[in-house]
Novice: 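Just dropping this structure here.
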Amino acid sequence: MNIKKAIDKVPGGLMLVPLILGALCKTFFPWAGSYFGSFTNGLIAGTVPILAVWFFCMGTSIDLRATGTVLRKSGNLVVVKTLVAWGATYIAAQFLPLEGVQSGLFMGFSALAICAAMDMTNGGLYAAIMQQYGTKEESGAFVLMSIESGPLVSMLILGAAGVATFEPHLFVGAVLPFLIGFILGNLDKDLRAFFKGGVTTLIPFFGFALGNGIDLHVIAQTGLGGILLGVIVIVVTGIPLMLADKFIGGGNGTAGLAASSAAGAAVANPMIIAEMAPQFKPAAAAATSLVAAACLTTAILVPILTGMYAKYMKKRGGVVETAAADAPEAGDELKVAH
């Protein structure tokens, strides 16, 4: 029936399609988890444990034995994206209510939604784009982007912006599975090979569980806002990233624009953070819907815009070497994971 091929045609489909199915379950059968109980309820309500295993597998997939150029490119993009997300979150916190805007075009917008949408790059999308339009070093710059995965960076940004206070042990708990996986994966390549399959396999499961926290009525109300948020993410993060890539990373701006997307993994952050900081619970559902829509929007627009910009720069002599067909180790799993 070619179900997998059909899902792959949807940008971020491996996560978004199960998420939509979960949202349908939540909207029309909200009693399903408690009715069936047992393992079925575990799949419906098991967002946190499923994500914990996914973060561990993600950590094992990262190999830092890369060239200095690749690490410099990676670090440049990650730091700038994080700083821009912090600035946007700080500004949003000054003007938007903690529980989010309750009506109008910006319904659902909150500091939580802004932070989650902006602080993570779709590393897989970036790697795929730069394989076509960038250099080998630029294509490999997704190496450090997965460090952004999970709620840790979002927690740091929200704390630094004065929106929330988290106990130190919560920060440790948020990153510990990832760090353990990272250490084991770099100590033993066989462990990396063994666990890396979980990065891809677990995505539909936590996508479905996340969807079961979303009422489709909320998505209907925030759909246009999610598209708007996606455009805002591209503009607000894309311009600084392009400048940083040009003046710090030694590129021509193409890599910066390719990194201006919202990551699919970011869809999980609002709910996870709300579990640790209950004051965000009123905003979490709408923020999840907005981030999901923003992820889809950027997944469509960023490749188009990057392609147009790369072709323009190529005419001016800005691109001299395209990436090789072979990606660095762990590229395949990172592409899917985001």
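Values reported hereafter were calculated over all heavy atoms of this structure, with side chains retained and with hydrogens, waters and symmetry mates removed.
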Novice: Rounded to the nearest 0.5 Å, how far apart are CG of L241 and OG1 of T254?
Specialist: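 Reported value, rounded in 0.5 Å steps: 12.5 Å.
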Novice: Under 3.5 Å, sequence neighbours excluded: what are the donor-acceptor pairs made by side chains of residues 255-262?
Specialist:
| unit_1 | atom_1 | unit_2 | atom_2 | d |
| --- | --- | --- | --- | --- |
| S260 | OG | L257 | O | 2.6 |
| S261 | OG | N122 | N | 3.2 |

Novice: What's the spacing between I7 CD1 and N2 CG if we round to 0.5 Å?
Specialist: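 That separation rounds to 11.0 Å.
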Novice: How close do I129 and P303 get, counting heavy atoms only, and between which atoms?
Specialist: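 I129 and P303 have their closest heavy atoms at CD1-CA, 3.8 Å.
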Novice: Can you list the residues that meet the side chain to side chain contact (heavy atoms under 4.5 Å, CB included) rule with P282, with sequence neighbours excluded?
Specialist: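 Residues passing side chain to side chain contact (heavy atoms under 4.5 Å, CB included) with P282: E99.
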Novice: At their closest point, which heavy atom of N269 faces which heavy atom of S154, and how far apart are they?
Specialist: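 The answer is ND2-OG, 3.2 Å.
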Novice: Is L224 reachable from L96 through a run of I, L, V, M, F, W or Y residues, each pair having side-chain heavy atoms under 4.5 Å apart?
Specialist: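 Yes, it is one cluster - the side chains of L96 and L224 are joined through contacts under 4.5 Å.
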Novice: Output yes when a side-chain donor or acceptor of T27 lies under 3.5 Å from a complementary backbone atom of L24, and no otherwise.
Specialist: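 Judged by distance alone, no pair lies under 3.5 Å.
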Novice: List the atom pairs, with distances to 0.1 Å, where a side-chain N or O of residues 226-234 and a protein N or O form a donor-acceptor pair under 3.5 Å, not counting sequence neighbours.
Specialist:
none

Novice: Between I91 and F95, what is the shortest heavy-atom contact and its length?
Specialist: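 Smallest interatomic distance, heavy atoms only, reads O-CD1, 3.1 Å.
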Novice: Quick one: closest heavy-atom pair of P97 and S110, and the distance?
Specialist: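 Nearest pair, atom of P97 first, then S110: O-CB, 4.2 Å.
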Novice: Tell me, with the steps shown, if Y126 and V302 meet side chain to side chain contact (heavy atoms under 4.5 Å, CB included).
Specialist: CA-CA 9 Å; Y126 169 86; V302 167; over 6 Å; no
Novice: Could you pull out all residues at least two apart from L179 that satisfy side chain to side chain contact (heavy atoms under 4.5 Å, CB included)?
Specialist: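 If we apply the side chain to side chain contact (heavy atoms under 4.5 Å, CB included) test to L179, skipping adjacent residues, the hits are V175.
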Novice: Can you check side chain to side chain contact (heavy atoms under 4.5 Å, CB included) on V79 and L83, steps first, answer last?
Specialist: CA-CA 6 Å; V79 170; L83 290 175; 3.9 Å; yes
Novice: Hey, what do you get for CG (N212) to CE (M271), rounding to the nearest 0.5 Å?
Specialist: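 So the gap between those two atoms works out to 10.0 Å.
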Novice: Check whether Y35 and F39 end up in the same hydrophobic cluster, where Ile, Leu, Val, Met, Phe, Trp and Tyr are linked by side-chain heavy atoms less than 4.5 Å apart.
Specialist: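 Looking at the clustering, F39 is in a separate group from Y35.
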Novice: So if you build clusters from Ile, Leu, Val, Met, Phe, Trp, Tyr with side-chain heavy-atom gaps below 4.5 Å, do L176 and I50 land together?
Specialist: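 No; tracing contacts between hydrophobic side chains, which count when under 4.5 Å, never links both residues.
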Novice: Short question: side chain of T82, backbone of V78 - any donor-acceptor pair under 3.5 Å?
Specialist: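 Confirmed, T82 side chain pairs with V78 backbone.
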Novice: Would you call the rings of Y312 and Y309 parallel, tilted or perpendicular, where under 30° means parallel and over 60° means perpendicular?
Specialist: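 Tilted, since the angle between the ring planes falls between 30° and 60°.
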Novice: Determine whether the aromatic ring centres of W54 and F56 lie less than 6.0 Å apart.
Specialist: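 Ring-ring flag for W54/F56: false, centres at least 6.0 Å apart.
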Novice: Can you give each donor-acceptor pair under 3.5 Å made by side-chain atoms of residues 155-162, sequence neighbours left out, with the distance rounded to 0.1 Å?
Specialist:
none

Novice: Test of understanding: with side chain to side chain contact (heavy atoms under 4.5 Å, CB included), list the residues that count as partners of V53, not counting sequence neighbours.
Specialist: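 Once residues adjacent in sequence are excluded, the partners of V53 under the side chain to side chain contact (heavy atoms under 4.5 Å, CB included) criterion are C57, L202.
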Novice: So if you build clusters from Ile, Leu, Val, Met, Phe, Trp, Tyr with side-chain heavy-atom gaps below 4.5 Å, do I183 and F194 land together?
Specialist: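 Hydrophobic grouping puts I183 apart from F194.
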Novice: Kindly indicate whether the side chain of V236, heavy atoms from C-beta on, has any atom under 4.5 Å from the side chain of M118.
Specialist: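 They are in contact (side-chain heavy atoms under 4.5 Å apart), so the answer is yes.
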Novice: Is there a path from F29 to F208 through hydrophobic residues (I, L, V, M, F, W, Y) whose side chains come within less than 4.5 Å of each other?
Specialist: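 Cluster IDs for F29 and F208 match.
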Novice: How many angstroms lie between CE in M308 and CE in M313, if you round to the nearest 0.5 Å?
Specialist: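 Those atoms lie 14.5 Å apart.
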Novice: When you measure from the side chain of Q94 to the backbone N and O of Y90, does any donor-acceptor pair fall under 3.5 Å?
Specialist: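 The answer is yes, because a donor-acceptor pair under 3.5 Å joins these two groups.
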Novice: Measure the shortest side-chain to side-chain distance between I114 and F109 over non-hydrogen atoms and say whether it is less than 4.5 angstrom.
Specialist: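 They are in contact (side-chain heavy atoms under 4.5 Å apart), so the answer is yes.
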Novice: What distance do N252 atom CG and K246 atom NZ have between them, rounded to the nearest 0.5 Å?
Specialist: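 It comes to 8.5 Å.
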Novice: Check whether any side-chain N or O of N186 sits under 3.5 Å from a backbone N or O of F182 as a donor-acceptor pair, and report yes or no.
Specialist: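 Yes, because the side chain of N186 sits within donor-acceptor range (under 3.5 Å) of the backbone of F182.
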Novice: V163 and Q279: which non-hydrogen atoms are nearest, and at how many Å?
Specialist: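 Result for this residue pair: O-NE2, 4.4 Å.
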Novice: Between T60 and R192, what is the shortest heavy-atom contact and its length?
Specialist: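 Heavy-atom minimum between the residues: O-CG, 2.8 Å.
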